Visitor: 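Have a look at the structure that comes next, please.
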Amino acid sequence: MRVPRHVAIIMDGNGRWAARRGLPRSAGHRAGLTPVRTCIEECSRLGVEVLTLFAFSSENWKRPVTEVGLLMQLFLEALEREIDELAERGVRMRFIGARELLGAPLAERMDAAEARTRGNPGLTLAVAVAYGGRWDIVAATRRLAEAVQAGTLAPADIDEGRFAAELALGDLPEPDLFIRTGGDHRISNFLLWSLAYTELYFSDALWPEFDAAEFARALEAFGARERRFGQTSDQVGAGAC
Ligand code: FPP
């Protein structure tokens, strides 16, 4: 089986999963922790190098203030509860997004989790919180503009590689496989730049239902795709990549 180096997931459908059971939306978000664990385990087992999870988008701030508060509390609790096991498993934690917009308790634990797991050899787990693909591109652009203004970068030296290096995950391989659960076929401002040649996979399963068998189906679909990166099928077959 061809294993992707980097899997990026939009975990959608928690609210609908809860509504179908007559439960509050928060119960759906809590239930969403189980597939998070499953995906971490499966990626570690299969040798996936990077797993990126979209936990809270720049646009999710528009949700009711109570839901935003509950989600932040859930992230905080999950991080406190899981960090020991993640560290023992050799997972390297990364958080991407506008961390300065989060409360100090969460931001400080994110800093601490990254520092504690920085040298770990296993799966890199990137969690996107207060993240948007446009935010990422604008932040990268601003850093490049500052370097130009400081005289340390010439505009002529800005090419695709230099630009990509400034993005939040610029030091990691680009996603090979994007998965979105919940039935919608959208990218929703996720990793806009680096999804350029990613294989897209959409599942009708609601996120709390996304189990190891669903994950295996996504990997199987990925394995059946021909990735051409702009070349012809014949070129790819001849290994002209
Ligand atoms: C989208 O479902 C889901 C979210 C905005 C939150 C995702 C959070 C988790 C799965 C919790 C744990 C995650 C980590 C990494 C600790 P939705 O609420 O938009 O569902 P709906 O479309 O059915 O309303």
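First listed ligand is number 1; within each ligand, the first listed atom is number 1. Heavy atoms only: backbone and side chains are in, while hydrogens, waters and symmetry mates are out. None of the values given here were measured: they were computed from a predicted structure.
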Visitor: Quick check on the 6.0 Å ring-centre criterion: do Phe178 and Phe54 meet it?
Guide: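 Not close enough - the centres of the two rings lie 6.0 Å or further apart.
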Visitor: Quick test: of every protein heavy atom, which one is nearest to atom 11 (C) of ligand 1, and how far off is it to 0.1 Å?
Guide: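 That would be His29 O, 3.7 Å.
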Visitor: Starting from atom 7 (C) of ligand 1, find the nearest protein heavy-atom neighbour and note its residue, name and distance.
Guide: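 Residue, atom and distance for the closest contact: Ala55 O, 3.5 Å.
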Visitor: Between Asp157 and Arg162, is the salt bridge (Lys or Arg N to Asp or Glu O under 4.0 Å) condition met? List the steps.
Guide: CA-CA 8 Å; Asp157 290 335; Arg162 183 67 187 79; over 6 Å; no
Visitor: Applying salt bridge (Lys or Arg N to Asp or Glu O under 4.0 Å) to Arg37 and Glu82, what does each step give before you reach the verdict?
Guide: CA-CA 9 Å; Arg37 276 189 219 103; Glu82 307 288 338; 3.1 Å; yes
Visitor: Have a look at His6 and tell me which of Thr198, Asp176, Thr52 forms a side-chain hydrogen bond (donor to acceptor under 3.5 Å, both in side chains) with it.
Guide: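 Filter result, single survivor: Thr52.
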Visitor: Got a sec, which residues hit ring-ring contact (aromatic ring centres under 6.0 Å, His included) with Phe75, two or more places apart in sequence or on another chain?
Guide: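 Not a single residue meets the ring-ring contact (aromatic ring centres under 6.0 Å, His included) criterion with Phe75.
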Visitor: If you measure from each heavy atom of Gly182 to ligand 1, is any distance below 4.0 Å?
Guide: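 For ligand 1, residue contact (heavy atoms, under 4.0 Å) with Gly182 is absent.
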Visitor: Return the closest protein heavy atom for atom 15 (C) of ligand 1 as residue, atom name and distance.
Guide: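 Scanning the protein heavy atoms, the shortest distance from atom 15 (C) of ligand 1 goes to Val127 CG1, 3.9 Å.
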Visitor: Looking only at protein heavy atoms, which one is nearest to atom 10 (C) of ligand 1, and how far off is it?
Guide: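 Among all protein heavy atoms, the one nearest atom 10 (C) of ligand 1 is Asn14 ND2, 3.4 Å.
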Visitor: Yes or no: does Glu82 have any heavy atom under 4.0 Å from an atom of ligand 1?
Guide: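 False for this residue.
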Visitor: Between Arg16, Arg25, Arg63, flag the one that comes closest to atom 19 (O) of ligand 1 by a heavy atom.
Guide: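 Considering heavy atoms of Arg16, Arg25, Arg63, the nearest to atom 19 (O) of ligand 1 sits in Arg63.
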Visitor: What residue and atom, counting heavy atoms only, is the protein's closest point to atom 1 (C) of ligand 1, and at what distance?
Guide: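 Here the closest protein heavy atom is Met11 O, 3.2 Å.
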Visitor: Provide, to 0.1 Å, the distance between atom 16 (C) of ligand 1 and the closest protein heavy atom, together with that atom's residue and name.
Guide: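 Looking at atom 16 (C) of ligand 1, the protein heavy atom closest to it is Leu33 CD2, 3.7 Å.
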Visitor: Heavy-atom count check: over 12 atoms from other residues, nucleotides or ligands less than 6.0 Å from Glu226 CD?
Guide: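 Yes.
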Visitor: Between Leu79 and ligand 1, which part of the residue brings a heavy atom under 4.0 Å of the ligand: side chain, backbone, both or neither?
Guide: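 Neither part.
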Visitor: Does Phe56 have a heavy atom less than 4.0 Å from any atom of ligand 1?
Guide: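 Phe56: no contact with ligand 1 (<4.0 Å).
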Visitor: Hey, is Glu85 close enough to Arg89 for a salt bridge, meaning N to O under 4.0 Å?
Guide: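 A salt bridge links Glu85 with Arg89.
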Visitor: Can you tell me if CD on Gln149 sees more than 12 non-hydrogen neighbours from other groups inside 6.0 Å?
Guide: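 Incorrect, the count does not exceed 12.
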Visitor: Tell me which part of Trp207 gets within contact of ligand 1: side chain, backbone, both or neither, using heavy atoms under 4.0 Å.
Guide: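 The side chain, only.
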Visitor: According to side-chain hydrogen bond (donor to acceptor under 3.5 Å, both in side chains), who are the partners of Arg186, at least two apart in sequence or on a separate chain?
Guide: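 Applying side-chain hydrogen bond (donor to acceptor under 3.5 Å, both in side chains) to Arg186 gives Asp184.
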Visitor: Counting non-hydrogen protein atoms only, what is the nearest one to atom 17 (P) of ligand 1? Give residue, atom name and distance.
Guide: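 Among all protein heavy atoms, the one nearest atom 17 (P) of ligand 1 is Asp12 OD1, 3.6 Å.
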